[in-house]
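Whatever order the structure lists ligands and atoms in, that order sets their numbers, starting from 1. If you read the sequence from its start, that first residue is 1, and numbering goes on from there. All values reported here derive from a predicted model rather than from experimental measurement.
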Amino acid sequence: MTPTVAAIIPAAGSGSRMKLDHPKQYHQLAGTPILIHTIRAFYHHPAIGRTVVVVPAEWLEKTREMLAEHGLSGDTLTVVAGGQRRQDSVMAGLRVLDHDTEVVLVHDGARPLVSADLITRSAKAVHKHGAAIAAVPVKDTLKRGDKTCRITATIDRNNLWQAQTPQGAKLSLLFSAFETAGEMDVTDEAMLLEHAGIPVMLVEGEETNLKITRPEDLPLAESIMQQKTAPEFRIGHGFDAHRLVEGRKLVLGGVTIPYERGLAGHSDADVLTHALCDALLGALGAGDIGRHFPDNDASFANIYSILLLDKVMELVSERGFRIGNIDITIICQKPKLASFLLDMKEILAKSCRTDSSAVNLKATTTEKMGYTGRGEGISCHAVVLLVK
Ligand SMILES: Nc1ccn([C@@H]2O[C@H](COP(=O)(O)OP(=O)(O)OP(=O)(O)O)[C@@H](O)[C@H]2O)c(=O)n1
Ligand SMILES: C[C@](O)(CO)[C@H](O)COP(=O)(O)O
């Protein structure tokens, strides 16, 4: 997507239906003004090159201070005064855009819950079709009522949509729609475009993208905001065991340990690192180490398993996760591992892009019971918590 997408955020209304002593866009939602949430969604979005916020003239200074307080600044963010009607405010925003702006997305300041995905999809639809708006299909049966609240008709809801924002168009189309409309009153940009005969596409919006309009919308928005900002956790467990044989190096947690035997395997047979890779893949729901690094692939022969862990961690990062903590238990009768645990921790923490305090290593014996107790092999359990 080109960087010539601009966002206009009309926020110059009085919010009369909210019945507050200040415009609703300055009201706190989850401890932050509603307008700041909305601006952040566009200011931090990679497809948006410029954001213009339109506010009541008497709130210009206060808004600029508020933006600075929240670390929102720079040439890509402009604040201007709005007009009497929403469409006048949008026009005030349009006037300050650079002429090379290709696409404009207009988004209500009072819709702070818009997702990055909806912004992306709206911008893409405008690039493709020239004009598009977010909207959700009408779910309920629609009634028309008269002044006495008596039903006068049931309206067929087929093909009916509730308009949301973002509402976007190529800049030239939006300007010409404004010109055609003259002084006509509209409630959204789509209405202007429709009036000018410009086709407008519908992009599936989000039920959570609500416009805070009435007092009862606030608690609902609070709970949606809490869910959006709640961290996502994933837990994973890994287990591995390898046989101890003559003529192999013993590598555990990336550290070579002096011992008369080593672990047998296709790679360096680092049982600890393998258990950890499996725990990470498990937490991601991405299968296991055998699927990612098959033991019939010659390129993994004798490979240092920390390199495999590096690759697994690339997957973890690509999916937006980081390590919460790691807990590992090595089951090994001999040799004694205590003096190597610190080095292992450092190597594992580096590969896992985390602090060594997030990695806990424990070594235990099975009191000479079972295959590990008899010294036939070493096994390992790993548990990880991933956080997004
Ligand atoms: N002259 C206006 C009127 C509205 N808006 C903005 O348009 C968006 C959608 O309008 P609405 O929710 O109706 O806001 P208000 O007009 O402020 O609310 P009310 O009708 O209750 O007074 C809001 O972000 C609002 O601030 C604007 O920029 N300029
Ligand atoms: C543009 C809009 O958000 C689409 O739903 C809406 O029409 C503007 O607000 P209003 O409450 O209708 O004035």
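Here the options are Leu341, Leu263, Thr273, the test is side chain to side chain contact (heavy atoms under 4.5 Å, CB included), and the partner is Leu252; only Leu263 passes.
Donor-acceptor pairing under 3.5 Å is recorded for the side chains of Tyr26 and Thr63. In this structure, a donor-acceptor pair under 3.5 Å is present between the side chains of Thr366 and Thr372. A donor-acceptor pair shorter than 3.5 Å cannot be found between the side chains of His107 and Ser122.
Applying the side chain to side chain donor-acceptor pair (under 3.5 Å) test to every pair with at least one member in residues 218-231, sequence neighbours left out, gives no pairs at all.
Protein neighbours of ligand 1 below 4.0 Å, counting non-hydrogen atoms: Pro10, Ala11, Ala12, Gly13, Ser14, Gly15, Ser16, Arg17, Lys24, Gln25, Gly83, Gln84, Arg85, Arg86, Ser89, Asp108, Gly109, Ala110, Lys211.
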| field | Criterion salt bridge (charged side-chain N to carboxylate O under 4.0 Å, His left out) on Arg85 and Glu183, from CA distance to verdict | value | CA-CA 11 Å; Arg85 300 167 301 171; Glu183 274 314 298; 3.2 Å; yes
| task | Evaluate salt bridge (charged side-chain N to carboxylate O under 4.0 Å, His left out) for Asp188 paired with Arg86, printing each intermediate quantity in order. | result | CA-CA 8 Å; Asp188 68 355; Arg86 183 180 179 284; over 6 Å; no
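Heavy-atom minimum distance, Arg50 versus Leu97: NH1-CA, 4.0 Å.
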Output block, N or O contacts of ligand 2, threshold 3.5 Å exclusive:
from     : atom 1 : to     : atom 2 : distance (Å)
ligand 2 : 3 (O)  : Asp108 : OD2    : 2.4
ligand 2 : 3 (O)  : Arg111 : NH2    : 2.9
ligand 2 : 5 (O)  : Arg111 : NH2    : 2.9
ligand 2 : 5 (O)  : Ala163 : O      : 2.6
ligand 2 : 7 (O)  : Thr187 : O      : 3.1
ligand 2 : 9 (O)  : Lys211 : NZ     : 3.4
ligand 2 : 11 (O) : Arg17  : NH2    : 2.9
ligand 2 : 11 (O) : Lys211 : NZ     : 2.6

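Residues passing the side-chain hydrogen bond (donor to acceptor under 3.5 Å, both in side chains) test with His37: none are found, sequence neighbours excluded.
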